[in-house]
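Since this is a predicted model, take the numbers as computed values, not measurements. The sequence lines fix the lettering, A, B, ..., with proteins before strands; numbering per chain opens at 1. All heavy atoms count here, side chains included; hydrogens, waters and symmetry mates do not.
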Amino acid sequence: MSTSLTTPEQDPDLNAPLGGVSLTAGQLPRGAAPATLVAAGLAGLLLWLLADWAIVPCALLAAAAYVVIVYTWSRAVEGPRKATDRFVTAAVSGAFLLALLPLVSVIVTVVSRGVVRFDAEFFSYSMVGVSGEGGGIYHAMMGTLIITGLAALISVPIGMLTAIYLVEYGRGKLAKAITFFVDVMTGIPSIVAGLFAYALFVMIFGPGVRMGFAGAVALSVLMIPTVVRSTEEMLKLVPNELREASYALAVPKWRTIVKVVLPTALAGIATGVTLAIARVIGETAPLLVTAGLTDGDNFDPFEGRMTTLSVFSYYEYQSPGLFAEAAYDRAWGAALVLMIIVMVLNLVARAISKLFAPKTR
Amino acid sequence: MAKRIEVKDLDIYYDKFLAVQGVSMTIQPRSVTALIGPSGCGKSTFLRTLNRMHELVPNARVEGSVVMDDDDLYGPNVDPVNVRRQIGMVFQRANPFPTMSIYDNVAAGLKLNNKRLKKSDMDGLVERSLKSANLWEEVKDRLHKPGSGLSGGQQQRLCIARAIAVQPEVLLMDEPCSALDPISTQAIEDLMLELKENYTIVIVTHNMQQAARVSDTTGFFNLQGVGKPGELVEIDETTKIFSTPSQKATEDYISGRFG
């Protein structure tokens with residue numbers, strides 16, 4: 001424009017930093033917030049120790065004091081936006097700690113009570129002929145591994161093929177119906193899955209049947225929807241461009257799925273499957289009705305009762321007998337072993353996803 | 001190698017929506033044919049009908065005929081997989097297989113189809129393909145590193161190497177340089193000029209200078225208005241299209257007076 005050389009009429013607001021336009025703003029002194037937190041914590045501690053209050057109200061009071069002080073202080077010095085930021089930060093961190101509390105408490109309790117029975121006998125003996133102290137969970141550990149392994153063997157192929165159908169082939173009503181029923185299956189209470197498997201095996205073998213395989217069937221009813229869902233999500237993440245690149249190289253669809261889509265999604269699928277296993281390995285209710293309880297070793301899933309860790313733990317607590325302390329110790333020990341197995345599975349899942357993830361260098 | 005493609009009265013549909021109408025053109029062998037036109041006029045859609053990638057979209061279909069030498073690509077009993085064996089494609093965004101090494105990406109056309117070659121033959125094929133894609137010198141020491149570790153321009157050339165490793169008759173390129181810097185673009189344009197000695201090349205591009213630089217024939221696509229089907233306005237020798245086009249719309253578009 002021709003007028004650009006002359007000074008245009010200027011907006012007075014832009015000329016001078018009148019109130020509030022300045023780039024600097026008030027700030028709390030460094031370390032003010034942590035110091036307040038420490039002070040609030042100390043005050044709570046004093047209340048607990050000296051005034052003899054209960055610990056929970058003390059903690060809550062300290063947290064509330066911190067939030068109030070920091071918010072009002074910050075609002076006075078830094079303005080409302082920073083004050084809100086500090087308030088929300090405190091609220092989010094508080095919620096996180098609250099959520100962490102039960103987890104930590106469970107871990108501490110299970111470890112401290114379970115570690116009592118971590119001796120060689122516990123891992124190498126079954127419960128045959130044990131009525132007092134001693135005894136072991138060898139039979140339950142093997143039962144857990146066999147039943148969960150069988151459940152994975154049933155659910156992984158079915159779940160993965162379903163997911164492949166839904167993502168790569170499924171169109172129209174059938175696919176919609178399958179998606180719907182998978183969603184419904186996700187919500188089945190585990191005891192219903194157990195009763196279903198029991199009823200199924202009663203129809204074949206007659207009433208009163210108990211076997212490990214029936215437990216595996218019950219668990220796979222719970223596991224299949226999880227496997228379908230996680231696999232589906234992972235397959236959807238595979239960019240369509242890779243499929244097109246493969247088609248453009250004259251690769252048929254099924255080979256594209258087997259050799260391009262599945263390897264690309266493998267890390268995620270493997271993680272999903274491992275987490276699905278971790279999810280069902282601690283099931284108790286369906287195994288109570290299908291696999292039952294036995295004191296001795298039974299490693300044949302198609303014949304007779306089979307104990308798993310969770311069922312064992314339940315019965316030791318439910319009917320401890322005369323030597324209750326020993327039974328309780330066994331129950332906690334079994335719970336700890338189960339927790340360790342789940343943790344190992346989670347670590348395995350992480351290792352797998354690292355191992356299979358597409359590399360960039 | 002290199003075949004002629006004859007397109008006659010091609011209508012392209014997405015379900016009931018007519019996307020491109022009444023395209024007739026002859027694509028000459030051993031030459032570069034460029035397709036230009038505004039966004040959404042159906043250039044890419046048309047390109048994808050040439051190797052039957054269009055029908056991968058649910059309910060997409062075409063009417064009319066596409067004949068390569070003497071074979072009708074849309075005839076009964078034609079297997080799209082066999083069509084794609086002869087007509088390769090390079091996409092807008094480089095899409096090397098992330099699970100495969102550079103070597104395996106180039107060999108993918110054969111390996112994915114379980115064609116076994118002797119190791120030495122395969123090595124030779126990979127080297128030849130990478131050399132014709134002007135990538136060999138840059139990657140020869142890291143052939144077994146993942147393809148996704150390359151730069152964008154290198155990845156695109158890797159995709160070209162992958163497409164020509166299966167020795168197609170025709171190579172379709174859907175805006176192959178739109179995500180690349182000028183240097184990589186130049187490398188790929190040089191490559192096209194080399195490749196047209198042996199292949200029939202069809203390229204969709206938004207860059208008119210590019211069309212003028214590399215193509216022998218240029219087709220201009222346009223659409224009458226929103227919701228109307230795209231159509232081929234005219235196709236002629238590139239020099240003629242860019243100097244004395246016969247249609248007003250073409251002149252407006254190439255001189256930037258469009259719309």
Would [X] and [Y] count as having a side-chain donor-acceptor pair, cut-off 3.5 Å?
| X | Y | answer |
| --- | --- | --- |
| B/N114 | A/K259 | yes |
| A/T186 | A/D183 | no |
| B/D72 | B/S65 | no |
| B/N59 | B/Y13 | no |

What part of [X] gets closer than 4.5 Å to chain A, counting heavy atoms only: side chain, backbone, both or neither?
| X | result |
| --- | --- |
| B/P96 | backbone |
| B/R162 | both |
| B/F91 | side chain |
| B/I87 | backbone |

Salt-bridge present (A/R243, A/E168; N to O < 4.0 Å): yes
Most contacts with chain A, counted as non-hydrogen pairs under 4.5 angstrom, among B/L112, B/L56, B/V81, B/V90: B/L112
Between B/A163, B/G88, B/P98, who has the most heavy-atom pairs with chain A when the cutoff is under 4.5 Å? B/P98
Engaged part of A/S246 at the chain B interface, taking heavy atoms whose separation is under 4.5 Å: both
Any chance the rings of B/Y14 and B/H54 have centres within less than 6.0 Å? yes
